[in-house]
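Data first, discussion second: the structure below is written as structure tokens.
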Amino acid sequence: MNIDDIVVCPKCSGALKKNADKYHCTKCEAKYKTIEGIPVLIDYDKIPKHLIQQIEYFSNESKDLGADYKIEPWQKSYVDSFVANTNIKKKKSALIIDCGTGTGYIAIELAKLGYNVLATDLTLDYLIRLNHNAKVLGLNDKIMTLCCNAQSLPIKDRAADYFVSNAVLEHLPEDVKAAKELTRVVTDDGQIMVTVPHKLKYISPLLWLVNIIHDKRIGHLRRYDFETLSELFNNFDPITTIYKGHTAKVFLVLLNMIFKNIDKEKIEHIDEKNNNKKIGANNITMFFKKKSF
Ligand SMILES: [Zn+2]
């Protein structure tokens, strides 16, 4: 598994040639660098202002994480959902793109299961941290890292069998463009997992204000539901839809901030029972497979 076999120029989709630690495009002559071994394939002329602000925000956030890898029960539940709701178990040698990997838990947990993962993020600091953790855990032959913009993926057509987009689309000024890019890089029998914040109309009004403040602070531009996500991925057929983060869970998490005596795994089990309930859910996760024409 070599990242140089998958990447293309983010400006013109031309083939890239690597020389020492730099890439150059054989078509438009653009040059790109690698930082700590990570290809930084970003067209900085076209990157929206909002995303520049997001890089700044998440670079700071990544510094607060500490170097060591840890996973919370709610994060584990997303990895378990991916394995349970796709046909990945039948495809041991598949390539999974974990777009907007952030703290990297999806990439690491899937690599632990033996899968090959290409983890991408716009925030380089997350990828440096992920590479460090992958090395510590002995998973660096399973995880590749790529710094890029999800709205123009510098990745060859049909390069990946699976695509995970976890808490990404709501941050992007042009989610339609990102959905098209996602569709392009997935194989014809590919499957995808998309998680986004759920529209406020499904959530208890008691939680609207805290959600609106959170959305603004973290840079969320919109929320979604089954209909808007299905429309965004109209080249795919929905497989399953899961709803997470119900009102009861949110209150238990808030209570736990004060009392710190409720088992986090128990909270996840309570939330899992509501996986098929649209009303009250703060997040929606949809699994799709590509439509066969
Ligand atoms: Zn080019």
Side-chain angles (χ1 to χ4, degrees), residues 1-59 94-102 104 107 116-128 130-131 134 140 143-165 168-169 171-188 190 192 194 219 221 232-233 235-236 290:
M1 203 178 56
N2 190 337
I3 190 146
D4 297 337
D5 301 333
I6 304 172
V7 291
V8 292
C9 175
K11 280 184 202 265
C12 76
S13 303
L16 292 176
K17 257 215 158 109
K18 197 178 180 188
N19 198 344
D21 57 352
K22 288 185 179 64
Y23 290 89
H24 82 266
C25 175
T26 55
K27 201 167 148 192
C28 76
E29 304 280 310
K31 288 183 172 63
Y32 304 95
K33 56 188 172 183
T34 58
I35 298 176
E36 300 205 17
I38 302 165
V40 182
L41 302 181
I42 296 172
D43 181 359
Y44 284 103
D45 297 337
K46 284 204 186 127
I47 194 160
K49 207 172 130 206
H50 179 72
L51 292 183
I52 297 285
Q53 290 163 350
Q54 290 273 275
I55 295 174
E56 208 173 301
Y57 178 89
F58 286 106
S59 290
L95 176 66
I96 305 159
I97 293 179
D98 177 22
C99 180
T101 191
N116 298 308
V117 186
L118 169 60
T120 79
D121 211 288
L122 190 54
T123 303
L124 184 68
D125 291 323
Y126 277 138
L127 297 172
I128 293 172
L130 173 58
N131 276 347
N140 41 350
I143 299 177
M144 302 181 287
T145 46
L146 169 62
C147 190
C148 66
N149 172 1
Q151 292 184 175
S152 54
L153 292 170
I155 298 172
K156 283 182 183 168
D157 295 356
R158 300 184 188 85
D161 306 281
Y162 298 88
F163 196 105
V164 178
S165 169
V168 173
L169 293 172
H171 294 272
L172 303 175
E174 293 178 82
D175 60 344
V176 175
K177 210 169 163 186
K180 275 190 189 141
E181 281 293 86
L182 189 165
T183 308
R184 180 181 66 75
V185 302
V186 167
T187 52
D188 292 336
I192 64 170
V194 182
L221 300 172
L232 197 54
F233 292 99
N235 285 322
F236 290 78
K290 229 176 190 178

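Hydrogens, waters and symmetry mates are skipped; everything else that's a heavy atom, side chains included, is used. Just so you know, residue 1 is the first one in the sequence shown, and it goes up from there. Both ligands and their constituent atoms are indexed starting at 1 by order of listing.
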Within a distance under 2.8 Å of the Zn ion (ligand 1), the protein atoms of type N, O or S are Cys9 SG, Cys12 SG, Cys25 SG, Cys28 SG

Between the main-chain N or O of Gly100 and the side-chain N or O of His171, is there a donor-acceptor pair closer than 3.5 Å?
no

What orientation do Phe58 and Tyr126 show, parallel under 30°, tilted 30 to 60°, or perpendicular over 60°?
tilted

Going by atom types only, do Thr101 and Asp121 share a side-chain donor-acceptor pair under 3.5 Å?
no

Side-chain donor-acceptor contact under 3.5 Å, Asp125 with Ser59:
yes

side-chain hydrogen bond (donor to acceptor under 3.5 Å, both in side chains) contacts in which one or both residues fall within residues 153-164, not counting sequence neighbours:
Asn87-Tyr162, Asp157-Arg184, Arg158-Asp188

Answer yes or no: is there a donor N or O on one side and an acceptor on the other, between the side chain of Gln151 and the main chain of Glu174, under 3.5 Å?
yes

